[in-house]
Amino acid sequence: MKFMKLGSRPDTFYTAESVRTVSSEVSSDLIIEVKGCKYLLHKFPLLSKCLRLQRICCESPETSQHQIIQLPDFPGGIEAFELCAKFCYGITITLSAYNIVAAQCAAEYLQMTEDVEKGNLIYKLEVFFNSCILQGWRDSIVTLQSTKAFPLWSEDLGITSRCIESIASKVLTHPSKVSLSHSHSRRVRDDISCNGAESQRHKSTTKGWWAEDMAELGIDLYWRAMIAIKSGGKIPSNLIGQALQIYASRWLPNISRQVKANQGATSDSDSESTGEISSKHWLLLESIVSLLPSDKGDVSCSFLLKLLKAANILNASSSSKMELARRVALQLEEARVSDLLIPSLSYSSDTLYDVDIVLTILEEFMLQGQSPPTSPPRSRLGFDRRRRSRSAENIDFEFQESRRSSSASHSSKLKVAKIMDGYLQEIARDINLPLSKFIAIAEKTPDFSRLDHDDLYRAIDIYLKAHPDLNKSERKKLCRILDCKKLSVEACMHTAQNEKLPLRVVVQVLFFEQARAAMAGGKVAELPSNIKALLAAHNIDPSRPPGTLSTTTSIRGDDQWSVSGLKSPKSRTSTLRMKLAEDDFDEYDMNPDGLGRSSKFKAFCALPTGPKKMFSKLLSINRSGSEKN
C-alpha cells in the first residue's frame, strides 16, 4: 500500500496536565478545544493555512492572553485535527489509505484551500488521492471502508463515489493489469503461468480474485459497488453469485444460534442490542437477495436454501421469501434434504420445520412453464375407439396432467421425488407435524416420478411410529398415498409384518405379491407365522390364491377401503373383490401417469382361468350397477 510524507520537522507535540501543546520558544496565544481535548497552540502557523480559523478569530474579540476557539463538530476527531495542526507547523506527517479520508474531511472543515496558501493541504491530499489511492486495488478498498465513519462528508467530497468507480473498473480489468497489494498480488499472479496464460486449475479463482477483498465492505457500500460492477456487463453472472456467497458466508454465519442466544436476553439493554443486530442482518439479507443474478444456476441451490433459512429466522419480507422460493424451485433437483430442513419460528405452529415454505417450493417446481393440456391418442391400452370406459377417461385426464408440467425434465422430477421422500422421512419424526401437511407434501410429488415407493413407505412407517395416537381412519388416509405395486420384495415383507398398518394394506400387499409371482410363473414365498395368524383371525386363508378367496371372507368395517360411487354392500364381500372394484371406480386412487391400471390389467390376465371368469363376472356386475346409479 502507498503512503505519502509531508513536512520535515520532528514531532514536538506533547501532553502536559491534560493539555496538548507544542514545544516552542514563542509563547502560545491560542486555545482550541476539539472533542473535549484542549490544544495550546500559536495563531501564526494555524491562521496562515486555515481560513475557517481566521474568520472565527476575526469574529470573536480577544478577552485574554489566549483566544479560545471551540470546534465541537470537528470531523475526524482529535487525530485528524492534530494531523492538520502538525502540517501547519511543518512537522512530518504520514498519509495513507487508512487516514486520508479523515484528513480530507478535517482539511475541508478548516478550509485549507489554495486561496489561503499555495500548496495547501487540500491540494496535496487531492493529488495523493487521485494519483496513488485510486490507482491501487487495496488502497481503494481500505479508503472506501474508512468513508463509513464520515458518510456525509465523504459523499459531499465525492470520495465514496470515486472509490466505487475505481473498484468497479478494476474488477472489470484482468488482475495482471491491476495494482494490487504485495501479498494479494503475489497470490493472484501465482495463478498465472509465466507466458501470461491462466492455468486451468486456478482459472476460476483468478477470475473471482476480487470477491474476498470486497467482502470486507459494509453492506451499504458493498451493494453500491456490486451494482456498479453488474452495470459494467462484463462479469459473468456465476462470478457475481460466487461473490455473493462469499459475502454471505462472512456476514451471515450461525444466524440460528445468534437468534436462540438473543431470545434468552432479559434486560432492556440486551433487547435493544438484539434488535439492532437483527435489523442489520435483515438489511444485509434483503440486499443480498436484491443482488442475486437472475439466470438459473448462477448460484447454487444450497446457497439459496441457506438464504431462505436465514430469511425465515430473520422474518424477512414475504416478497424476498417468495423470490428465494421461486429460485430454489428452478433447481430443486440439486437440493439436499438437510438444506430443506428450514426451522419454523412461527408462533402459530409448533412444528420443528417450516413445511409450508417447502410445499410452496414444490408447487413452484411443478408449475414451471406449464403448457396447455394436449389431447392424447383416442386408443390406449386396447380400449375400443367407439366406446370409452371411465378408466379410459381417467387415463386421458392423467395424460393431460402429466403434460402440464412438461418443462421440468423427467430426470429432474425423478430426482425431486427422491429428495422429497427423504424430506418426508426427516419431518415424519416431528410429533407436532399434522397429517394433512405430510400428505400434502407426498401427494404434490407426481406418482410417475416415483420409480418405487420404498422411501415413501419408510416415511409412512416413521410417521406411524412417531404418532401412535392416530385413529384407524387417519391411518387409512395416510396409507392411501402408498402404491403397493411399487414396493420391493424387502419392503413388502416388512409391510406384511408391520402391525401399525391397516389390515387392508397387508392384504393388498399379499395380493400383489401373489399376482407378481403368478406373472413370473414362480411360487409365492412362505408367509411368517405371525402374519398367518393375523389373516386366520379374519378368516383369510393365505395358502389359497387370491382369485379363489371365498366370497364369505370378511374384514372388519374399520379396515375396509371405501369405494367411491358404491354404497356399503350388505353382503360380506371379500377384500379382493372390494379391491378390484375400487381400482376400477375409486377416484382417489387415480394414477397421474396412467400406468397403474395397465399393470393391474396384466396381473389380472396372468391369473388362472377359473379366477378370471369370476373376476370378469364381478366387474360386469359392478359396472352395470354403477351405470344404473
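All residue numbers in this chain count up from 1 along the given sequence.
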Can you find a heavy atom in the side chain of [X] that is under 4.5 Å from one in the side chain of [Y]?
X: Leu341; Y: Ile427; result: yes
X: Leu40; Y: Ile32; result: no
X: Val142; Y: Met1; result: yes
X: Val289; Y: Leu324; result: yes
X: Ile361; Y: Leu308; result: yes
X: Leu47; Y: Cys57; result: yes
X: Val116; Y: Gln54; result: yes
X: Asn315; Y: Trp282; result: no

Is a side-chain donor or acceptor of Asn312 paired with a backbone partner of Pro343 at a separation under 3.5 angstrom? yes

Has Ser344 got a side-chain atom pairing as donor or acceptor with Leu352's backbone, closer than 3.5 angstrom? no

Does Arg52 make a cation-pi contact with Tyr109 (under 6.0 Å, within 45 degrees of the axis)? yes

Between Phe13 and Lys86, is there a cation-pi geometry (under 6.0 Å to ring centre, at most 45° from the normal)? yes

Result of checking Glu82, Glu33, Arg20 against Tyr39 for side chain to side chain donor-acceptor pair (under 3.5 Å): Glu82

Between Ile342 and Lys309, which heavy-atom pair has the shortest distance, and what is it? CG2-CA, 4.0 Å

Between Thr94 and Asn99, what is the shortest heavy-atom contact and its length? O-ND2, 3.0 Å

Please tell me whether Arg336 and Ser302 have a donor and an acceptor in their side chains that are separated by less than 3.5 angstrom. yes

Distance-only polar pair, side chains of Gln242 and Gln245, donor-acceptor under 3.5 Å: no

Ion pair check, [X] and [Y], cut-off under 4.0 Å:
X: Lys306; Y: Asp339; result: no
X: Glu165; Y: Arg162; result: no
X: Lys437; Y: Asp356; result: yes
X: Glu216; Y: Arg138; result: yes
X: Asp139; Y: Lys2; result: no
X: Lys49; Y: Glu114; result: no
X: Lys148; Y: Glu155; result: no
X: Arg55; Y: Glu59; result: no

